[in-house]
Amino acid sequence: MGSSASSPETSGGGTLLSEEELRKRLTREQYYVTRQKGTERAFTGEYWNSKTKGTYHCVCCDTPLFESSTKFDSGTGWPSYYQPIGTSVKSKLDSSIVFMPRTEVLCAVCDAHLGHVFDDGPPPTGNRYCINSAALKLKVAESGA
């Protein structure tokens with residue numbers, strides 16, 4: 001009884017869990033954002049202002065989504081990236097707000113709602129992937145000696 005019409009298939013590095021398992025494992029906010037297409041309040045998420053180097057993974061299936069090297073300060077209060085890792089994210093039209101259609105960003109492996117993508121980002125892509133911190137978990141890069 002999820003919001004997705006199709007069930008996700010296993011591909012890449014992610015591990016798929018049932019909705020029941022996700023509901024048990026995720027915090028209330030993580031579940032609300034990723035499974036019910038919610039949005040956290042601006043300037044409140046764990047990663048909106050993080051400068052820590054590493055890789056941001058999907059909180060639901062652990063798929064690597066964004067590298068910290070593509071993160072930039074968009075001034076919006078949400079973590080923003082100009083490019084995902086490979087084909088780790090997919091997008092679709094979000095017309096839930098009739099007067100403001102947007103492009104929703106989903107994890108390509110488990111269909112978790114991540115946020116939205118806009119065309120007002122920096123070079124080289126011109127994209128701004130505006131992502132909810134609650135949909136992410138940062139794996140900190142190991143520092144080289």
Side-chain angles (χ1 to χ4, degrees), residues 1-122 125-142:
M1 185 169 163
S3 54
S4 175
S6 63
S7 55
E9 297 178 17
T10 305
S11 66
T15 302
L16 298 179
L17 300 173
S18 70
E19 287 301 309
E20 183 179 326
E21 291 170 313
L22 285 169
R23 194 179 286 274
K24 289 178 186 173
R25 200 183 101 201
L26 300 175
T27 67
R28 178 175 279 149
E29 183 174 41
Q30 288 170 330
Y31 190 85
Y32 168 68
V33 167
T34 61
R35 310 318 297 176
Q36 298 174 321
K37 301 185 184 299
T39 301
E40 65 197 10
R41 285 190 358 251
F43 304 101
T44 64
E46 181 178 1
Y47 303 122
W48 78 269
N49 199 27
S50 175
K51 307 276 191 273
T52 305
K53 294 188 183 330
T55 304
Y56 291 88
H57 291 243
C58 176
V59 75
C60 295
C61 72
D62 203 39
T63 296
L65 301 172
F66 299 95
E67 293 291 348
S68 60
S69 60
T70 66
K71 190 172 188 284
F72 67 98
D73 182 3
S74 64
T76 62
W78 288 279
S80 296
Y81 309 85
Y82 62 78
Q83 177 177 301
I85 296 171
T87 57
S88 63
V89 303
K90 60 186 179 180
S91 58
K92 71 176 191 175
L93 181 64
D94 174 1
S95 50
S96 61
I97 303 175
V98 178
F99 61 88
M100 191 177 84
R102 304 175 292 177
T103 303
E104 179 184 11
V105 177
L106 303 158
C107 173
V109 173
C110 73
D111 285 336
H113 171 77
L114 304 173
H116 294 87
V117 62
F118 303 94
D119 62 3
D120 59 359
T125 65
N127 291 324
R128 172 174 52 96
Y129 288 84
C130 190
I131 308 298
N132 291 283
S133 289
L136 303 172
K137 91 177 139 185
L138 175 62
K139 293 197 177 174
V140 178
E142 293 183 27

Got a second to check how far [X]'s [atom1] is from [Y]'s [atom2], nearest 0.5 Å?
X     : Y      : atom1 : atom2 : value
Leu22 : Leu17  : CG    : CG    : 5.0 Å
Lys53 : Glu67  : NZ    : CD    : 11.5 Å
Ile85 : Phe66  : CD1   : CZ    : 8.5 Å
Cys60 : Asp111 : SG    : CG    : 10.0 Å

Where the side chain of [X] meets the backbone of [Y], is there a donor-acceptor pair that is under 3.5 Å apart?
X      : Y     : result
Thr125 : Tyr82 : yes
Thr103 : Ser91 : no
Trp78  : Glu40 : yes
Lys71  : Tyr47 : yes

Contacts of type side chain to side chain contact (heavy atoms under 4.5 Å, CB included), residue Thr87, not counting sequence neighbours = none
Could you list the residues that satisfy side chain to side chain contact (heavy atoms under 4.5 Å, CB included) with Val59, not counting sequence neighbours?
-> Leu26, Gln30, Thr34
Heavy-atom closest contact (Thr55 atom, Pro64 atom, distance) | CG2-CB, 3.9 Å
Between Leu106 and His113, what is the shortest heavy-atom contact and its length?
-> CD2-CA, 3.7 Å
Note, Ser68 side chain near Tyr56 side chain (heavy atom, < 4.5 Å) | yes
For Asp119, look at atom CG and say whether over 12 heavy atoms of other residues, nucleotides or ligands are found less than 6.0 Å away.
-> no
Can we say Glu19 and Arg23 salt-bridge, meaning some charged N sits less than 4.0 Å from an Asp/Glu carboxylate O?
-> no
